[in-house]
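Reviewing the structure listed below.
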Amino acid sequence: SQTIHQWPATLVQPVGSPLSLECTVEGTSNPNLYWYRQAAGRGLQLLFYSVGIGQISSEVPQNLSASRPQDRQFILSSKKLLLSDSGFYLCAWSAETEAFFGQGTRLTVV
Amino acid sequence: AQKITQTQPGMFVQEKEAVTLDCTYDTSDQSYGLFWYKQPSSGEMIFLIYQGSYDEQNATEGRYSLNFQKARKSANLVISASQLGDSAMYFCAMRANDYKLSFGAGTTVTVRA
């Protein structure tokens, strides 16, 4: 069966520090991969999605970037975090008739 | 560009009753997929049900059913026999032809005993 791993669960980072969040999927090949951010009590904002290795579509460029170095690995990065980058980050993968999420990372920028 | 609209920010439902959560979408794609998710206070996103644009039958999964009206571009979720554990935020989502997966603003459901 397919599983999706996202870590860490919580993260506190100072303003100006770099960020790297990793997401990996097991049990499937060539998944569509997604990164979302969710503010407290709000909806999911699509940040990036990828339909294959090295293929990244950006919805909200800002100071975040994403990379897909391997088929089942999706990485969200920032060179310098801003206070406004705080939020709940969710990774997801989708196949034909289903789409599943990781457990999420609560990022607090201080 | 696709747009997903959930017009009900919050709803109250009595335990054991049914509740319908509204979702309308806008797309020019002929092929697309519709999803519903439950997000309890823990934050995890739980996949509930899927409906493909070419599916003729409405999707059902246990107490969840999707009322798909293609001409109206609506995909309402019906939860039957509500339970206290159904209290959560519910999101409608659509995956377009380019595989972009977009979400509505969500509806908070509170089940009363």
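We name chains A, B, ... by the order of the sequence lines, and we start the count at 1 in each one.
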pair Ser94(A)-Arg95(B): side-chain heavy atoms closer than 4.5 Å
yes
Please find out if less than 6.0 Å separates the ring center of Phe47(B) from that of Phe101(A).
no
Answer with side chain, backbone, both or neither: which region of Met45(B) has an atom nearer than 4.5 Å to a non-hydrogen atom of chain A?
both
I'd like to know if Val25(A) and Phe35(B) are part of one continuous hydrophobic network [Ile/Leu/Val/Met/Phe/Trp/Tyr, side-chain heavy atoms within less than 4.5 Å].
yes
Verify the neighbour count for atom NZ of Lys16(B): are there more than 12 heavy atoms of other residues, nucleotides or ligands below 6.0 Å?
no
Shared hydrophobic cluster, Leu21(B) / Val78(B) (ILVMFWY, side-chain heavy atoms < 4.5 Å):
no
Within a strict 4.5 Å, meaning less than it, do heavy atoms of the Tyr36(A) and Leu101(B) side chains meet?
yes
To the closest 0.5 Å, what do you measure between OH (Tyr34(A)) and OH (Tyr99(B))?
9.0 Å
In the single-linkage hydrophobic clustering (I, L, V, M, F, W, Y; side-chain heavy atoms under 4.5 Å), do Phe103(B) and Trp36(B) co-cluster?
no
Is it the backbone or the side chain of Thr97(A) that comes under 4.5 Å from a heavy atom of chain B, or both, or neither?
both
Would you mind checking which part of Thr108(B) comes under 4.5 Å of any heavy atom in chain A, side chain (CB onward), backbone (N, CA, C, O), both or neither?
neither
So, taking the atom named CG in Asp98(B) and the one named CG in Asn32(A), what distance separates them when rounded to the nearest 0.5 Å?
10.0 Å
Could you have a look at Gly104(A), Ala99(A), Gly102(A) and say which one has the most heavy-atom pairs with chain B under 4.5 angstrom?
Ala99(A)
Are Leu33(A) and Ile4(A) grouped together when hydrophobic residues (ILVMFWY) are joined by side-chain heavy atoms under 4.5 angstrom apart?
yes
Counting heavy-atom pairs under 4.5 Å to chain A, which of Glu44(B), Gln51(B), Gln39(B) comes out on top?
Gln39(B)
Taking a cut-off of under 4.5 angstrom between non-hydrogen atoms, the residues of residues 70-91 of chain A near chain B are Phe88(A), Leu90(A)
Checking heavy atoms, do the side chain of Leu44(A), its backbone, both or neither come under 4.5 Å from chain B?
both
Between the CZ atom in Phe100(A) and the OH atom in Tyr37(B), the distance rounded to the nearest 0.5 Å is 7.5 Å
Applying a strict 4.5 Å limit to non-hydrogen atoms, the region of Gln6(B) in contact with chain A is neither
Within this structure, what is the CD-OG distance for the pair Gln45(A) and Ser102(B), rounded to the nearest 0.5 Å?
11.0 Å
Measure distances from Gln38(A) to the heavy atoms of chain B and classify the residue's part below 4.5 Å as side chain, backbone, both or neither.
side chain
Mark yes when over 12 heavy atoms from residues, nucleotides or ligands other than Arg42(A) sit less than 6.0 Å from its CZ; otherwise mark no.
no
Group every Ile, Leu, Val, Met, Phe, Trp and Tyr by side-chain heavy-atom contacts under 4.5 Å, then state whether Met89(B) and Leu48(B) land in the same group.
no
